[in-house]
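In this text the structure is predicted, and so the values were computed from the model without any measurement. Each chain gets a letter, A, B and so on, in the order the sequences are listed, and its residues count up from 1.
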Amino acid sequence: MSIVGKSITRIDAEEKVTGATRYGGDLYEKGMLHVKVLRAEHAFAEIVSIDTSAALALPGVCGVYTAKDVGGTNRHGLIRRDQPVLADTMVRYKGDPVAIVVAENDDVAREALRLIQVEYKPLKPIHTFEEALAPDAPKLHPEGNLMGGKRIRKGDAERALREECEIVVEDTIETQTVDHAFLDLESGCALYDGDMLTIWVSGQWVHEERRLVALALGLPVEKVRIIQPATGGAFGGREDLSIQCFVGLAALKHPGHKVYLRYSRAESMAARHKRHALRIHYTMGAKRDGRLVAAKVTVWSDEGAYASTGIAVMRKASSHCTGPYRVPHVWADVYGVHTNNNPTGAMRGFGAAQLAIAYEGMLDRLAQELGMDRVEIRRRNVLRHGEPITTNQIITEATAGECLDRALLQFAKGIDPSVGDDLAAAQRVWESRSYATRAPWLRRGYGVSVVCFGLGYGDAFPDAARARVRFNERNELEVYTGAVEVGQGLLTMVVQVAAEALGIEPERVRVFAADTHLTPEAGSSSATRQTYFTGSAVKLACDELRERLLDVAETYFGVHPFEIKISNGILTKVGDSGKRMEIDELLSEARRRGVSLETQALFKPRTIRERDEDGLSPRAFVTYLFGSHICQVLVDTETGEVRIERHIAAHDVGKAINPELVIGQIQGGVTQGIGMALMEEVIYGSDGRILNAGFTDYILPSVRDVPNIEAVIVEHEDPTGPFGAHGVGEPPLIGATPAVLGAIHDAIGVPIRRIPATPERVWRTIMQAKAEGKWQDVDPRWERDVKR
Amino acid sequence: MFIQPTTLIEALEAKRQFGSAAAFLAGGTDLVVLINHGRMPARVFIDLSHIEGLSQIQCFAADQCADDPLTRDFDAAKVFVCGPTTTFAQLARLPVRALAEAARSVGGPQIRNRGTIAGNLATASPAGDGSTALLALDGRVEVQNLYGSRVIALREFFLDYRKTALAPDEMIVRVAFPATWLTGWRKLGKRGAMNISTVCCAVGISDSRRVHIAFGSVGPYPLRAEQTANYLTEALRGDPAAFGDPAVQKHAVELAQAEVRPIDDFRASADYRRAMSGTLLQKVMRQLAEELTPTTSAIV
């Protein structure tokens, strides 16, 4: 292959580097009307009345709108439509929108917000599982505060734990609420021309956003057009609607005027959904030789005020609860609980990330109890080809073990470059890894993780991508896809797949993406799915065009089409470079013959629903991705500070369409995973307000907190993906967090049960170990290795 | 209102006129953040960037200092005097370790290029890294109004949370601190850069071996730990290797933990801050032990 597998420069690189790219916030033009949102004063309250008269009387205010001004259902939500565009009877979290102001300028709009009088009847806000499930707890929604659940029943875990297991470990692990923290704040504009409502706001799935906006605002779906501006990061944070309905409503009320809205960082954090905080109670049982036998997992999930994608996150959590390991008996219950915290929904890792922290943490506990090496216990349990994963789907190509080997080789090469590809030598380097540090209170630790990830929506949810391709009059290939580029490099992937499939130069490909009126639906840029789905749709469409062209070329070459090669825009006969034809010539000939140079393709692989009674399915996901990380940390046991010294991430991506972009995705995911392991945490006050709604106190990793991430690309071609590719988006985050936490556990000898592992939490964990007599002032491994 | 004086006198006149309604704008690393958050910190901004010579650093030998109340009797062979808008980037290059390391730990490069020494002192944040280092250097400021100037020792400068001894018509015009003291610094935060102190600790040892200790983020303003400092001064006089002595370290840690006044907030608990005040002091003592008696083995 001449284009796939090459790190061509991303097609938007120049405009991004020069600052020419226009993100949503850059769409502001003089004369646009300003929209601002009034948010709830209470985390939980009934709305008694809203008086907008004083705000309306303010000069410069063009309009103030509340729920009664919303023409449609006034509801949105990706799975359940339970979230009001503007709160009508009740507010359920501090970020709930109550009214919008449309004004001539920003200051007036801000002042008008202060003049809106809302009378509330406050209720006692619910922030914990216990408060939500108390018998007399006020209900957030009519169905009650238990939003839903998901279960796995495979084998008989309870009996196996009792009778078959020779060792059982049990613990409760709590994960935190995490913010997506993308840089490009929610912003954009809208225009209603009397017929069509056009919205320029970044989401992750333009066609779904169009449906949701049309329903909520009461418009026929074809009268809404969504155009995605350039987008600076999404990570799941743009899956739910953000400002689309606010600018849409404002535009509808002021036809002919463009309206504009841009959140501040504080508003972005206060309004947006978050990653689910989970409480995971995990019991894992094994034989003395380390072979896993049974897992019993109970998960409580903070769903916040609205459903968002919570149900799907619960499914992903349950279906990934034993990761890439062979566990014959699995019992899992996942419960989603409404609270008056921010709604929780999609974020990179989607439930699988939190569960990876749990199963990897439990494996480390088992290894510790058994006195077994943490690589060894994983080797004994990772799935082999043809074995069933948690939900009983047979994994024909289970490359988890291969990823672990590759990570180990990379680890060893960093210490002894002569290891090369000798796995036995790498294993020896691993076994003699050093715990020596400058002082006994500085402890080193090594963490290992092996993770899996089911790609796509799975579970029988319709999952499809379409793409349209055509050669235009200048003989450029136009590719139309509804998929959104959110910064991951989707447009470049599309160019490479199309150019490779047709044998043309990448410069000849023009991509038109993410405009509901120009491009066919491609599903969301989420679930690590677009390389696989849109890549496949683009390839299928290009393959069809290629066949048509070869039909034409065959009469010129006088040979069977499979003997004709197209490469770099030139056709040749295989094995005979003498006869050649330029693609431009071929296209002219095709046009002369009336051959259509436009076509469209659909890629829609099927998945099978997980059965309600046991959560099992022969094909819950179209394909599985595997990865393995090794992390080396230094812990200052006096302060609890953790420094990451090395981080290795090996991922089977099927085939790297663009290796540089794959490495970028791995490094980005690992960085986010490090943030989740060590510092990122949304903190709520007792009134439900986010106390750290800004980057001063919502701590993201800085360049000093992230080492040079050693990305290892494993290519085990997936026959079902385009050119063997499947995807890479989420697994690097999923693998990183448990590897970091495992390394801290290794360093201090006790696990961190609640994350992030801030210096204070690590220090408290050490203090507790001291109090329980589980602490040695000098680690024997340190003494041994310092002398060495 | 935005005033842009070109002389110090004009700046002081404006401050005289508007008093506490006016704020001096230097690097803007605090004021502009507040403005961006919609909390207007003042009605009038007096921009200092057009006044020449406010960011100079000079070094004086002790014999040149005798006549100046700002610089005399520092117990140091040399004294640095900085203009008020000397930036953290400038401070980071000075051969005074505690101050240079503190300056290097503030914000990112952009903030260090903008943020100033007088701004750090006047904003009086409990977490002010520069202020904490200067307190351990027993630094002084010269403040001036239209009618004259006075010198304030920094140990008397911070009065309460975000409250200083500056009068509404006064401006910090010079900052002085010893250039030859042995100093140490350790900061604890939640990440490696762009880091707000959870606790920070600075230690200064004068040329005649008097010890000064300051902590940030463990009280309403940066604190000096006088009793701990007195104890260590005595210990050091008795034994030049005292800083490396675990028993001395232990006692100093206990004294320091009793002297700090931390609170619980969402950044850290009071318990942790108290414990870490001692731990950081111990770490700085280990650093300094090596330099006080170079035979001790250095492990920090």
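Going from atom CE of Met194(B) over to atom CZ of Arg704(A) covers 11.0 Å, rounded to the nearest 0.5 Å. To the nearest 0.5 angstrom, Tyr272(B) atom OH is 10.0 Å from Met767(A) atom CE. Note that CD of Glu760(A) is 9.5 Å distant from CG of Leu188(B), once rounded to the nearest 0.5 Å. In this structure, Gln282(B) CD and Thr639(A) OG1 are separated by 11.5 Å, a value rounded to the nearest 0.5 Å.
Neither the backbone nor the side chain of Thr437(A) has a heavy atom closer than 4.5 Å to any heavy atom of chain B. Using a 4.5 Å cut-off between heavy atoms, Ser264(A) makes no contact with chain B at all. With a threshold of 4.5 angstrom between heavy atoms, Leu691(A) approaches chain B through its backbone and through its side chain. Contacts between Glu641(A) and chain B at a heavy-atom distance below 4.5 Å involve the side chain alone, from C-beta outward.
Closest non-hydrogen pair, Ser702(A) versus Ala193(B), comes out as OG-N, 3.3 Å. Across every non-hydrogen atom of Gly189(B) and Pro759(A), the tightest pair is O-CG, 3.6 Å.
A 6.0 Å sphere centred on CZ of Arg784(A) holds more than 12 heavy atoms belonging to other residues, nucleotides or ligands. Environment of CZ in Arg643(A): sparse, with no more than 12 heavy atoms of neighbouring residues, nucleotides or ligands closer than 6.0 Å. Around the CZ atom of Arg43(B), the shell of radius 6.0 Å holds no more than 12 heavy atoms that belong to other residues, nucleotides or ligands. Within 6.0 Å of CD in Glu226(B) there are more than 12 heavy atoms belonging to other residues, nucleotides or ligands.
Both the sub-6.0 Å distance and the 45° axial angle are satisfied by Arg286(B) relative to the ring of Trp441(A).
Each of Leu678(A), Val703(A), Leu700(A) was checked for a side chain to side chain contact (heavy atoms under 4.5 Å, CB included) with Arg191(B), and the lone residue meeting it is Leu700(A).
Electrostatic pairing of Arg186(B) and Glu638(A) does not count as a salt bridge here, judged by no charged N lying under 4.0 Å from a carboxylate O. Asp697(A) has no carboxylate O lying under 4.0 Å from a charged side-chain N of Lys190(B), or vice versa, which leaves the two without a salt bridge.
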- prompt: Under the side chain to side chain contact (heavy atoms under 4.5 Å, CB included) criterion, do Arg267(B) and Asn692(A) qualify, and how do the steps go?
  reply: CA-CA 9 Å; Arg267(B) 286 178 186 156; Asn692(A) 55 344; over 6 Å; no
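Ser269(B) and Arg764(A) share a donor-acceptor pair across their side chains, judged by distance under 3.5 Å alone.
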